[in-house]
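Comments concern the structure below.
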2 protein chains.
Amino acid sequence: MTQAVPAPASFPVAVDIVALTVRGGELCVLLITRLIEPFRGRLALPGGFVLPGEDLVEAAIRELGEETGVERLPGYLEQLASYGPKGRDPRGDVLTVAHLLLAPDFPVLSAGSDAEQAAWYPVERVANGEVDLAFDHAQILEDAVERARAKLEYSPLGAAFCGEEFTIAQLRAVYEAVWGTRLDPRNFHRKATGTPGFLEDTGRMTAGDAGRPAALFRLAEEARSTAGHPTRAVLNPPLMRPRV
Amino acid sequence: MTQAVPAPASFPVAVDIVALTVRGGELCVLLITRLIEPFRGRLALPGGFVLPGEDLVEAAIRELGEETGVERLPGYLEQLASYGPKGRDPRGDVLTVAHLLLAPDFPVLSAGSDAEQAAWYPVERVANGEVDLAFDHAQILEDAVERARAKLEYSPLGAAFCGEEFTIAQLRAVYEAVWGTRLDPRNFHRKATGTPGFLEDTGRMTAGDAGRPAALFRLAEEARSTAGHPTRAVLNPPLMRPRV
DNA sequence: ACAAAAGTGTTTGAACTACACCCATGA
DNA sequence: TCATGGGTGTAGTTCAAACACTTTTGT
């Protein structure tokens with residue numbers, strides 16, 4: 001960002017979005033089927049090029065909206081990392097800025113067969129090689145999942161996977177799916193409800209499910225409105241994932 | 001990263017480097033004095049434009065080398081985050097990928113008065129408004145310092161600020177400078193030496209200083225060679241900074 | 001009544017804090 | 001011998017892991 005008296009080189013700049021959710025007890029990622037070359041027919045992360053006058057987050061939201069048909073997308077979005085520009089796209093040098101979206105399980109509008117079809121896929125199916133992604137998207141996904149796993153430890157962002165109101169058991173299911181571990185329901189309950197500034201009791205209860213009704217919670221005001229830094233350690237001491 | 005049948009827009013892509021070190025018990029950042037517009041005469045992070053065929057890390061290393069005169073730069077380099085492209089450079093939309101370098105206190109070659117002069121400045125002088133940086137570099141620096149503070153908690157990267165061999169007291173001085181706190185020497189010693197996979201005793205000792213000689217340590221093999229992921233929790237449980 | 005899930009209490013052990021104390025060197 | 005910093009021992013506390021047990025619903 002300094003001298004550059006000669007006109008600097010320019011690169012196409014893309015945004016890719018790793019949208020994660022939990023469905024059926026599994027961590028899932030939103031993927032599209034590519035309709036054009038390169039990697040035609042292969043699965044890839046949703047994304048696209050940044051337009052002039054656009055900022056990165058704006059571009060990410062726009063692209064994700066276009067490819068899922070969702071207007072106002074739920075959840076929590078943050079920048080993940082940048083990749084490239086060298087040798088990651090057969091068409092030439094492209095820099096991509098990957099983003100991470102943690103969201104409740106929202107339905108993707110199944111577009112007609114002429115549009116790129118977006119759908120949720122279990123992350124495990126990519127990790128075990130059953131599905132292989134276009135470009136360097138497998139690496140980006142791996143980084144995203146690791147980021148998500150780490151964030152649950154010290155931030156209240158596990159709640160971003162839930163709806164507006166949720167039970168402790170639902171929140172625990174998120175942690176179990178993202179970390180791929182089982183957690184003791186009793187100890188998790190104590191830690192979640194006992195951490196100041198994390199959850200707020202709505203006073204309402206679930207009904208109609210099997211077993212005893214559960215209290216409904218929402219994210220506490222402090223945890224929600226840490227504008228720009230929802231990241232900062234709300235969970236202190238952190239909620240550590242079990243190390244084998 | 002998807003459809004883009006029309007030729008996508010391109011942006012100049014820059015790299016900026018937040019090089020941090022500890023000198024005189026203070027956390028310091030490497031800044032250059034700009035010789036050209038915009039922001040001529042103001043202090044800024046070292047950096048410059050990515051060249052065709054170059055990768056981000058390559059560009060960061062090259063630029064930092066050019067502006068400090070250092071060939072093989074010491075320390076640990078990682079990507080921080082990307083900023084822009086909208087409205088952060090008066091010349092037009094520029095995307096910048098900021099990088100973070102944690103390094104021992106290396107001397108910057110004081111170039112002639114015609115070159116951009118690089119020098120170390122206490123981070124505190126930027127934080128308290130005594131020095132104000134060009135572009136959005138104050139924000140980038142703030143993010144970098146927060147990243148560095150967080151990394152010391154769960155990674156062995158505090159040692160990146162030290163030379164090849166160092167005493168526990170020197171390592172503690174790093175933590176104290178970066179966090180801006182005092183740490184109990186006895187407890188820090190126990191935690192640092194007692195964490196498996198963190199430090200290796202060289203068997204050698206300091207001599208000539210005041211007080212009892214101290215044992216010299218180096219980073220353990222496991223902590224050094226976590227290629228790509230030196231980040232992954234070596235310090236477990238983490239070495240937490242005191243919360244007031 | 002019984003199953004199922006929510007939530008509380010209690011015990012144990014790991015680890016951090018605080019601080020007393022001893023060790024090894026230079027002046 | 002005294003000052004200075006290096007290093008160990010130990011008591012108190014906080015917190016998480018493990019699990020017995022009670023509560024509240026649906027069937």
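Throughout, protein chains are lettered first and strands after them, A, B, ... in sequence-line order, and every chain is numbered starting at 1. Hydrogens, waters and symmetry mates play no part in the numbers below; they use all other heavy atoms, side chains included. The structure presented is a predicted model; accordingly, all values stated were derived computationally and were not measured.
- Under the 4.0 Å criterion applied to side-chain N and carboxylate O atoms, E153(B) and R241(B) are assigned as salt-bridge partners.
- F106(A) meets the ring-ring contact (aromatic ring centres under 6.0 Å, His included) test with W120(A); sequence neighbours excluded.
- Put simply, the side chain of T21(A) gets close to the backbone of D105(A): a donor and an acceptor are under 3.5 Å apart.
- Where P238(B) and A210(B) meet DNA chain C, the nucleotide closest to each residue was compared, and P238(B) sits on the side nearer the 5' end.
- With a heavy-atom cut-off of 4.0 Å to chain B, the contacted part of DNA chain D has its first and last nucleotide at dT4(D) to dT10(D).
- The two residues A148(B) and L20(B) make their nearest non-hydrogen contact at CB-CD1, 3.9 Å.
- Under the rule for a salt bridge (Lys or Arg N to Asp or Glu O under 4.0 Å), the partners of D184(B) that lie at least two apart in sequence or sit in another chain are R186(B).
- Contacts with DNA chain C (heavy atom under 4.0 Å) in residues 174-208 of chain A: R186(A), H189(A), R190(A), listed by number.
- Here chain B contacts DNA chain C (any atom closer than 4.0 Å to a heavy atom, that is under 4.0 Å), and the contacts span dC16(C) to dG26(C) from 5' to 3'.
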* Please test I140(A) against F135(A) for side-chain contact (heavy atoms from CB on, under 4.5 Å), starting from the C-alpha separation and ending with a verdict. => CA-CA 10 Å; I140(A) 296 176; F135(A) 304 104; over 6 Å; no

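- Here the two rings, on F217(B) and F166(B), have centers that are 6.0 Å apart or farther.
- A side-chain donor-acceptor contact under 3.5 Å links R149(A) to the backbone of V178(A).
- Between the side chains of Y83(B) and D16(B), no donor N or O sits under 3.5 Å from an acceptor N or O.
- In summary, E66(B) and R62(B) engage in a salt bridge, as defined by a charged side-chain N under 4.0 Å from a carboxylate O.
- Across its full length, the helix from dA1(C)-dT27(D) to dA27(C)-dT1(D) shows an angle of 10° between the axes of its 5 terminal pairs at either end, rounded to 10 degrees.
- With T195(A) contributing its side chain and F198(A) its backbone, the two residues share no donor-acceptor pair below 3.5 Å.
- Side-chain contact check for S82(B) and S82(A): at least one donor-acceptor pair (N or O, by modelled atom type) lies under 3.5 Å.
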